[in-house]
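The block underneath contains the structure these notes are about, expressed in structure tokens.
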Amino acid sequence: AQGFVVGHCSGWQDGLTCASPCSTQLGLEYSVQMARRMQEILEPPDLLRFHQLSAASRLLVSQGIGGDFQVVLTQENRLLAIQGDVVGKGMNAGLLAAYLVGLVEGTLEECIRPARLLEKLNRLLAQRTSRRPAFATALVIEARLDEPDWILARAGHELPLLVRADGSQAELKDPDGLPLGLEAGETYREQRIPRAARDPLFAYTD
């Protein structure tokens, strides 16, 4: 186990099991470390360039593993960014976040629009967690090379910030919907915002 060095421990029995009081804590810390490493594998690159667009991503987890997730994908003529936050902390939230990342990447070839993507994720999550309810907020941002707008759809997530080149902040509307997983039949709306060069769009979560 990388990061743990144990030598001459009297708790080991026949080299196969450990009866030491510290074994449970070591096992838990190792599991969290492995889960966090897997979560890092699923994180998008720090910087992704796509034609005239670029996407920078940073994810800092307050605990060893958490429910925040981000996905940045490119396909033919579009860039798609998804940010979300699973309710709760720890291993359960991290596993559900990984499940949602897998769902997002599984829809890539369908090339569906942001609102339809949220509806599909919401339906699948609600069905998967029907016995043990869980939910997550999410924001989808799409930029197509052949269209002049940002396209946004939200499921209970914080509004992003759009800063114009002159330093002013654009006023965004509020096309919000319920968080994912609460109501399988929820529908979501989209907002279009004119996209201009050197106008950064910031998405964030707590």
Side-chain angles (χ1 to χ4, degrees), residues 35-36 38-50 52-74 78-90 92-105 107 113-115 117-119 121-122 125 134-144 149-182 186 188-206:
R36 177 59 193 146
M38 182 58 65
Q39 195 171 44
E40 289 173 352
I41 293 174
L42 298 176
E43 292 173 11
D46 293 339
L47 180 64
L48 185 149
R49 298 189 185 278
F50 182 65
Q52 75 271 28
L53 299 170
S54 63
S57 177
R58 185 76 183 274
L59 184 61
L60 298 175
V61 181
S62 60
Q63 299 183 16
I65 183 171
D68 298 310
F69 63 93
Q70 299 181 143
V71 182
V72 181
L73 302 169
T74 60
R78 74 167 181 166
L79 183 146
L80 190 69
I82 299 94
Q83 184 181 77
D85 185 7
V86 175
V87 65
K89 301 291 183 183
N92 289 339
L95 289 172
L96 190 54
Y99 171 68
L100 287 169
V101 170
L103 288 182
V104 169
E105 295 184 344
T107 67
R113 291 288 179 137
L117 174 58
L118 285 181
E119 288 169 5
L121 295 177
N122 175 63
L125 181 60
F135 64 92
T137 66
L139 167 70
V140 181
I141 302 172
E142 183 185 63
R144 290 181 175 250
D149 301 324
W150 297 107
I151 305 172
L152 310 179
R154 291 199 304 140
H157 202 72
E158 290 87 358
L159 270 171
L161 301 175
L162 178 61
V163 181
R164 299 300 187 189
D166 61 5
S168 63
Q169 183 176 323
E171 183 177 352
L172 303 184
K173 299 177 184 178
D174 190 21
D176 200 7
L178 290 175
L180 305 177
L182 289 181
E186 177 73 353
Y188 297 91
R189 296 175 295 146
E190 294 175 352
Q191 176 186 3
R192 287 178 173 268
I193 308 167
R195 189 175 76 242
R198 296 191 298 276
D199 284 3
L201 181 65
F202 296 97
Y204 59 93
T205 180
D206 61 359

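Each residue takes its place number in the sequence, starting with 1.
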| query | Under 3.5 Å, side chain of D68 to main-chain N/O of D85, donor-acceptor pair present? | reply | no

| task | Answer with yes or no whether the side chains of T205 and Q83 bring together a donor and an acceptor at under 3.5 Å. | result | no

| For the student: nearest non-hydrogen atoms of A55 and V72, plus distance | CB-CG1, 4.0 Å

| query | Where is the tightest heavy-atom contact between L178 and Y188, given as atom of each residue plus distance? | reply | O-OH, 2.7 Å

| So with a 6.0 Å cut-off around CZ of R192, is the heavy-atom count from everything else above 12? | yes

| Listed by chain and number, what are the side chain to side chain donor-acceptor pair (under 3.5 Å) partners of E186, not counting sequence neighbours? | none

| query | Can you name the residues that form a side chain to side chain donor-acceptor pair (under 3.5 Å) with T137, not counting sequence neighbours? | reply | H157

| request: Write down the atom of F69, the atom of V86, and the distance for their closest heavy-atom approach. | output: CE2-CG2, 4.2 Å

| remark: Of L201, I82, L79, the one forming a side-chain contact (heavy atoms from CB on, under 4.5 Å) with I141 is L201

| query | For R164, which residues count as a side chain to side chain donor-acceptor pair (under 3.5 Å) partner, sequence neighbours excluded? | reply | D199

| message | D176: which residues meet the salt bridge (charged side-chain N to carboxylate O under 4.0 Å, His left out) condition with it, sequence neighbours left out? | response | R154

| Sequence neighbours excluded, which residues qualify as side chain to side chain contact (heavy atoms under 4.5 Å, CB included) partners of Q169? | L161

| query | What pair of heavy atoms forms the shortest contact from P179 to N122, and how long is it? | reply | O-OD1, 3.8 Å

| Between E190 and A153, what is the shortest heavy-atom contact and its length? | CG-CB, 4.3 Å

| message | Can you tell me how far apart CG (L152) and CD1 (I193) are? Round to the nearest 0.5 Å. | response | 4.0 Å

| note | The side chain to side chain contact (heavy atoms under 4.5 Å, CB included) partners of V163 (sequence neighbours excluded) come to P200, F202

| said: So, using side chain to side chain contact (heavy atoms under 4.5 Å, CB included) as the criterion, who are the partners of E142 when residues are at least two apart? | reply: R78, L80, R113, P114, R144, I151

| note | Minimal heavy-atom distance between A138 and L118, with the atoms involved, is CB-CD2, 3.9 Å

